[in-house]
Amino acid sequence: MVRKGHTGFVFKVALMGKILVTGAAGQIGTELVERLCSRYGRENIIATDLKFPHVPECEHGQMDVTSRDSVDEFFREHSIDSVYHLAAVLSARGEENPGRAFDVNANGTKNVLDASLRSGVKRVLIPSTIGVFGPQTPKRKVPVETVTRPVTMYGITKIFCELLGEYYFRKYRLDVRGLRLPGIISYKSPPGGGTTDYSIEMIVSAVKGKSYTCFLRSDTRLPMMYIPDAIESIIKLSEADGGKLIHRTDFNVSAFDFTPGELETELRKYFSGFSVEYRPDERQKIAETWPSTLDCRAAVDEWGFSPRFDMSRMVEDMVRNLSDQSSPAGKR
Ligand code: AKB
């Protein structure tokens, strides 16, 4: 198959089976499926989620990753070449229901890896998170190898997934890859229960002309990335020459970092009357265990990580897109 890449160049993709996406209805899944369809052809993508995902552009189905039978059956019935395993319960929601977070993140990942192994899948990409870091991790320019010791169920299960992925690679030669995503900012589909969600909520409020009550303190600095860069990074890592990878499942990636106070100031450039009240809740405690900035050199050196959006370009793009959506034409 010959396809045109997003940058305009034409490249060849040799697919024996299809590309499966779990968690396809989520914040990242929705946009990843769109990009995969345009890059590899919609006939080669299967989008799945717990509830039937609304993705008219390609084949889609229901799959509960916590059910080993459901996962096995799905893999048996489809010829799958590679997997983007996005189904996960994020940090804040994970603290509300740690049992569910364990089941989806830990058991779900094991089910997907086992089914991949049994059915001859070539590659599994599993996003990880800055949630794998903990209170003992240094705060600034944190490298890949450092003290992690997360204290949330999200972090504990995600570091388990990183290690499990490496184990399957070492023991069974299943090509598992992953990257530690920071807070992801997007406008097409809402975020789902994370600690960094405040950033999207704040931008949406500003565009709607509403004030915002922020659940983090104004000086809480966290690493972030705009969704187009997150999608490109996921695809770039998945297509990278495996022989050049020294790390496998734990690449740090982030494009910029900011505090809620800095985001508020940036938004005032567009909406001078915008105001934010700061009322930190239990999510503040989670954010305080995460680093402020990351060292992403391993991702740059090993597979060419190169985000395009800085904070001000991200805000400009978000404001333009959200304003278009809320204009009478956008609502039609
Ligand atoms: C969350 O806040 O839980 C996620 C993440 C940083 O992984 N956005």
Side-chain angles (χ1 to χ4, degrees), residues 22-23 25-32 84-98 100-102 104-106 108-109 125-135 137 139 142 144 148 150-162 178-204 214-217 220-227 229-231 233-234 249-260 263 280-294 296 299 307 311 314 318:
T22 71
Q27 183 200 12
I28 298 176
T30 309
E31 299 202 32
L32 181 67
Y84 291 83
H85 175 44
L86 268 46
V89 174
L90 300 188
S91 57
R93 197 157 294 160
E95 289 313 283
E96 285 162 16
N97 192 343
R100 173 88 188 137
F102 186 88
V104 173
N105 300 354
T109 299
L125 191 132
I126 310 174
S128 189
T129 165
I130 54 167
V132 298
F133 298 115
T137 306
K139 280 284 165 214
V142 173
V144 174
T148 48
V151 290
T152 62
M153 186 53 91
Y154 178 52
I156 291 166
T157 51
K158 280 302 204 173
I159 196 109
F160 163 79
C161 293
E162 288 184 3
L179 69 185
R180 291 173 177 159
L181 295 174
I184 303 299
I185 298 157
S186 66
Y187 61 90
K188 286 192 187 162
S189 51
T195 303
T196 55
D197 295 2
Y198 87 84
S199 51
I200 303 176
E201 293 173 5
M202 192 189 285
I203 302 171
V204 169
C214 185
F215 56 76
L216 295 187
R217 262 199 349 247
T220 312
R221 182 173 299 284
L222 291 170
M224 299 278 181
M225 182 150 62
Y226 195 28
I227 190 102
D229 284 328
I231 301 295
S233 305
I234 289 171
T249 56
D250 54 5
F251 288 99
N252 286 350
V253 288
S254 103
F256 44 82
D257 52 87
F258 57 74
T259 67
L263 182 59
D281 64 18
E282 67 287 347
R283 287 169 281 190
Q284 177 67 34
K285 291 196 204 93
I286 299 176
E288 278 170 14
T289 69
W290 293 351
S292 312
T293 63
L294 301 181
C296 305
M311 180 198 180
M314 173 279 290
M318 282 287 286

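Whatever order the structure lists ligands and atoms in, that order sets their numbers, starting from 1.
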Inset, instruction - State whether the shortest distance between N or O atoms of Thr129 and N or O atoms of ligand 1 falls below 3.5 angstrom. - result: yes
[X] side chain near [Y] side chain, heavy-atom distance below 4.5 Å:
| X | Y | result |
| --- | --- | --- |
| Ile28 | Ile227 | yes |
| Pro127 | Leu125 | yes |
| Met311 | Leu263 | yes |
| Pro150 | Lys158 | no |
| Arg283 | Tyr198 | no |

How close does the nearest protein non-hydrogen atom get to [atom], and which residue and atom is it?
| atom | result |
| --- | --- |
| atom 8 (N) of ligand 1 | Thr196 OG1, 2.9 Å |
| atom 2 (O) of ligand 1 | Thr195 N, 2.6 Å |
| atom 3 (O) of ligand 1 | Ser91 OG, 2.5 Å |

Inset, instruction - Determine whether the side chain, the backbone, both or neither of Ile130 has a heavy atom under 4.0 Å from any heavy atom of ligand 1. - result: side chain
Legend entry - Atom indices of ligand 1, in the order listed, that fall short of 4.0 Å to a heavy atom of Leu90: 3 (O)
